[in-house]
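Please read the structure below before turning to the comments.
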Amino acid sequence: VVVVMVRTSTTTAGRSTSQGSTRVQPRARAVERRVRCARTVRAAGGVSGGEGKDFMKRAFERARGMLENVGERTGVATSGMKCDIDAPTWGELERMLSELPQEPVDDEVSDASASERLFGTTSIPRVKLYRDSASWCPYSQKIWMQLEEKRIPYVKEKINMRCYGLKPESFMKIAPSGALPVIELDGQVISESSVIARVIEDEFPEHKPLLPYAPGSAEGERARYLMQMERALFGRWMQWITSSWSDGSGYSAYSEVLDSVDAELGSGGGPYFMGSDFTMVDIAFAPFLERMASSILYYKGVKIEGNGGRWPHLDSWFAAMANRKTYRGIKSDYYTTAHDLPPQLGGCAENGDNVSARDAIDGVDGVNWRLPLGPLNEKSLEPWWSSDDPVAARIEAARKIVSNHTNVVRFAARGCGEPGKPSYSAPLSDPNARPGEAHIPAVDAALRCVVHAMLQPDVASAQGPAKNAGMFDADATSASLAYLRDRVGVPRDMSYPAARQFRAYLNWAIERL
């Protein structure tokens, strides 16, 4: 079965390799690329080998009783290729996970899913942070990181960005502009990230000062200069990443400022902008350097992180940031960022030199998001500056899915359901979509099979004897797994290593279907 991304409303635009290339919403082209990739994998006999095929055959020969007489019970006719699916129950998977060693919770690591962060205190937090639900907003990221670094207790309420949903009326009453982030400090509403950052530094001097320089001091003037440089770099990036004209001059103008940024990092002694001390300057640069690294590679084909020599001090900064516990739980991955930026910026422009990197980031090159996956490192397409344990990553992904399996299954089943009305501009979000109710048992079984495989990757002996039975529509199930695969968000849902493993195992199941 060739897997096709369904419910895509964006029209594919033609690409020009000349100076005047076209702005695109990337998911439209990914539809075509996924079809080509699936055909290639199928023609090659799959990438997991005979063991994977035998495992899936055994797994899908188990569960006939779950969806007997679907047409009679639901009035929905099923058609297309049929498949048998079975796997351990969610309870059995939970027991398997309980028998595995679990790392103790480290409260220094930021948690994207937490509704409050108390840092060992028992008093009621003075701060309430309103930030975006999907962890896409760079300005919310700045305040989130500042609170985490200073370990200021806070509660959190997640609010949609306009590109992927309506904002609740309760939020609009306190922040009529709807802009994020917003905080309530002792009940007082404060908006705009730059204002919020100053207020937090002033109101909580006992919590690790992040800009501890006297006004007019040499350090204070350097920090101010670097903040201005960050805005200059942001401006050059915006001009280049959203423009379909004069790509060469856009690259030159951006690189000129990035050369200066690298030089400043070197002159300060590094690894941070103010030397060995992490400060608000690093917080100002982090969200946009992160987005620049992913978007410039994806849309322009230029690697700025792990470049191989032109910006060595920048690489040292990326490495130091990646190993900070606070940033580890906040940082996104290239795929999520490349697809969440266009609706925020009004579109991004490809230049024709980006095809190889774009397809690798999208996992449609037949290599990435395919098993087997080796560990990430600093030489990976998306550099990973600390150690990567694939086993731990698979276990993390499995825990995330098992702990929220009912909602995850229904979310995935949107892939064979109905698109939402009204729709929103963010291709990774469709809050009003409706799942294909008739196919939920099949999606549930297939997802259990995926989790089981992540926990027992030796597919030659991963399944026991058959015990359940049922016939499912392979097209609908595959479409649902693909829908989920393309919407796993980092850090909202899990870490990048875990998301990478989960996407690859979803592809494994899709190919077997």
request  = Answer yes when Arg414 and Asp430 have at least one side-chain N-carboxylate O distance shorter than 4.0 Å, and no when they do not.
outcome  = no

inquiry  = I'd like to know if the side chain of Glu396 reaches the main chain of Ser495, judged simply by a donor and an acceptor atom lying under 3.5 Å from each other, with no hydrogens or angles considered.
reply    = yes

query = How far does CH2 of Trp311 sit from CD of Glu305, to the nearest 0.5 angstrom?
reply = 12.0 Å

ask   = If you look at every heavy atom in Val402 and Val451, which pair is closest and at what distance?
value = CG2-CG1, 3.8 Å

ask   = Which is it for Val443 and Leu484 under the side chain to side chain contact (heavy atoms under 4.5 Å, CB included) test, yes or no, and what are the steps along the way?
value = CA-CA 11 Å; Val443 177; Leu484 176 61; over 6 Å; no

Donor-acceptor contact below 3.5 Å, side chain Lys331 vs main chain Glu290 = no

message = For the backbone of Trp369 and the side chain of Asn507, can you confirm whether one donor and one acceptor N or O come within less than 3.5 Å of each other?
response = yes

remark   = Taken in chain and number order and not counting sequence neighbours, the residues that satisfy salt bridge (charged side-chain N to carboxylate O under 4.0 Å, His left out) with Asp107 are Arg151

query = Looking at side-chain heavy atoms only, is the closest gap between Val367 and Arg370 below 4.5 Å?
reply = no

query = Under 30°, 30 to 60°, or over 60°: which ring-plane class applies to Phe234 and Phe288, parallel, tilted or perpendicular?
reply = perpendicular

Test item: Arg503 side-chain N/O and Val488 main-chain N/O as donor-acceptor pair under 3.5 Å = yes

query = Minimum heavy-atom separation for Pro271 to Ser316, with atom names?
reply = CB-O, 4.0 Å

ask   = Listed by chain and number, what are the ring-ring contact (aromatic ring centres under 6.0 Å, His included) partners of Tyr334, not counting sequence neighbours?
value = none

ask   = So, Lys300 side chain and Asn351 main chain: donor-acceptor pair closer than 3.5 Å or not?
value = no

ask   = Are the side chain of Lys167 and the backbone of Asn160 linked by a donor-acceptor contact shorter than 3.5 Å?
value = yes

key: Heavy-atom closest contact (Ala504 atom, Leu373 atom, distance)   = CB-CD1, 3.5 Å

key: Main-chain N/O of Tyr298 paired to Asn354 side chain as donor or acceptor, under 3.5 Å   = yes

task = Would you check if Trp317 and Asp282 make a side-chain contact, meaning some heavy-atom pair closer than 4.5 Å?
result = yes

ask   = When you check the gap from the basic side-chain N to the acidic O, do Asp106 and Arg328 get nearer than 4.0 Å?
value = no

query = Looking at side-chain heavy atoms only, is the closest gap between Ser140 and Lys158 below 4.5 Å?
reply = no

request  = With sequence neighbours left out, write down each residue that passes side chain to side chain contact (heavy atoms under 4.5 Å, CB included) with Ala112, or none if nothing qualifies.
outcome  = Arg131, Ser135, Trp144, Pro491

query = Quick one: are His339 and Asp362 in side-chain contact, heavy atoms under 4.5 Å?
reply = yes

ask   = Where does the angle between the aromatic ring planes of Tyr505 and Trp508 fall among parallel (under 30°), tilted (30 to 60°) and perpendicular (over 60°)?
value = perpendicular

ask   = Do Leu258 and Arg310 touch side chain to side chain, with heavy atoms closer than 4.5 Å?
value = no

note = For Glu157, the salt bridge (charged side-chain N to carboxylate O under 4.0 Å, His left out) test, sequence neighbours excluded, returns Lys128

task = Please check if the side chain of Arg117 supplies one atom and the backbone of Tyr154 the other of a donor-acceptor pair under 3.5 Å.
result = no

query = Among all residues two or more places apart in sequence or in another chain, which pass the side-chain hydrogen bond (donor to acceptor under 3.5 Å, both in side chains) test with Ser110?
reply = Glu148

Distance-only donor-acceptor check, side chains Arg291 and Gln141, under 3.5 Å = yes

task = Taking side-chain hydrogen bond (donor to acceptor under 3.5 Å, both in side chains) as the test, write out the residues that go with Tyr139, two or more places apart.
result = none

ask   = How would you list, by chain and number, every residue that makes a side-chain hydrogen bond (donor to acceptor under 3.5 Å, both in side chains) with Asp315, sequence neighbours excluded?
value = none

query = CD of Glu94: more than 12 outside heavy atoms within 6.0 angstrom?
reply = no

request  = Please identify each residue that fulfils side-chain hydrogen bond (donor to acceptor under 3.5 Å, both in side chains) with Arg399, with sequence neighbours left out.
outcome  = none

inquiry  = With a 3.5 Å distance limit and no angle check, can you tell me whether Tyr299 reaches the backbone of Thr242 through a side-chain donor-acceptor pair?
reply    = no

query = What heavy-atom pair brings Ser295 and Ile241 nearest, and what distance separates the two atoms?
reply = O-CD1, 3.5 Å

message = Determine whether Asp340 and Met161 satisfy the following criterion, side chain to side chain contact (heavy atoms under 4.5 Å, CB included), listing intermediate values before the conclusion.
response = CA-CA 11 Å; Asp340 73 45; Met161 296 177 73; over 6 Å; no

note = ring-ring contact (aromatic ring centres under 6.0 Å, His included) filter on Phe411, not counting sequence neighbours, yields Tyr483

request  = Assess whether atom CZ of Arg434 is packed by more than 12 heavy atoms of other residues, nucleotides or ligands within 6.0 Å.
outcome  = no

inquiry  = Going by the rule side chain to side chain contact (heavy atoms under 4.5 Å, CB included), which residues pair with Ala357 if we only count those two or more places apart in sequence or in a different chain?
reply    = Leu297

request  = May I ask you to test the Phe171-Leu180 pair for a side-chain heavy-atom distance under 4.5 Å?
outcome  = yes

task = With sequence neighbours excluded, give me every ring pair (Phe, Tyr, Trp, His ring centres under 6.0 Å) pair touching residues 88-112.
result = Trp90-His405

task = Walk me through it: do Arg448 and Glu92 pass the test salt bridge (Lys or Arg N to Asp or Glu O under 4.0 Å)?
result = CA-CA 10 Å; Arg448 285 186 281 115; Glu92 290 168 340; over 6 Å; no

message = Could you tell me if Arg324 sits above the aromatic ring of Phe278, with its cationic atom closer than 6.0 Å to the ring centre and no more than 45 degrees from the axis?
response = yes

task = Just jot down the side chain to side chain contact (heavy atoms under 4.5 Å, CB included) partners of Glu437, sequence neighbours excluded, or say none.
result = Arg410, Pro435, Ile440

ask   = Does the side chain of Tyr272 come within less than 4.5 Å of Met321's, by heavy atoms?
value = yes

message = Between Trp384 and Pro497, is there a side-chain heavy-atom distance shorter than 4.5 Å?
response = yes

query = Between the main-chain N or O of Ala319 and the side-chain N or O of Asn323, is there a donor-acceptor pair closer than 3.5 Å?
reply = yes

Atom of Pro343, atom of Cys163 and distance for their closest heavy-atom approach = CB-CB, 3.9 Å

message = Checking Glu382 against Arg500 for the side chain to side chain contact (heavy atoms under 4.5 Å, CB included) test, could you report, in this order, the C-alpha distance in whole Å, the side-chain angles of both residues, the deciding distance, and whether it holds?
response = CA-CA 11 Å; Glu382 178 172 352; Arg500 175 173 172 260; over 6 Å; no

remark   = Heavy-atom nearest pair, Asp132 first then Cys137, reads OD2-N, 3.1 Å

query = Can you say whether the rings of Trp136 and Tyr164 are parallel (under 30°), tilted (30 to 60°) or perpendicular (over 60°)?
reply = perpendicular

Gap between atom CG of Leu376 and atom CG of Asp389 - 0.5 Å precision = 11.5 Å

inquiry  = One pair to check against side chain to side chain contact (heavy atoms under 4.5 Å, CB included): His452 and Leu93. What are the steps and the verdict?
reply    = CA-CA 7 Å; His452 191 201; Leu93 292 169; 4.0 Å; yes

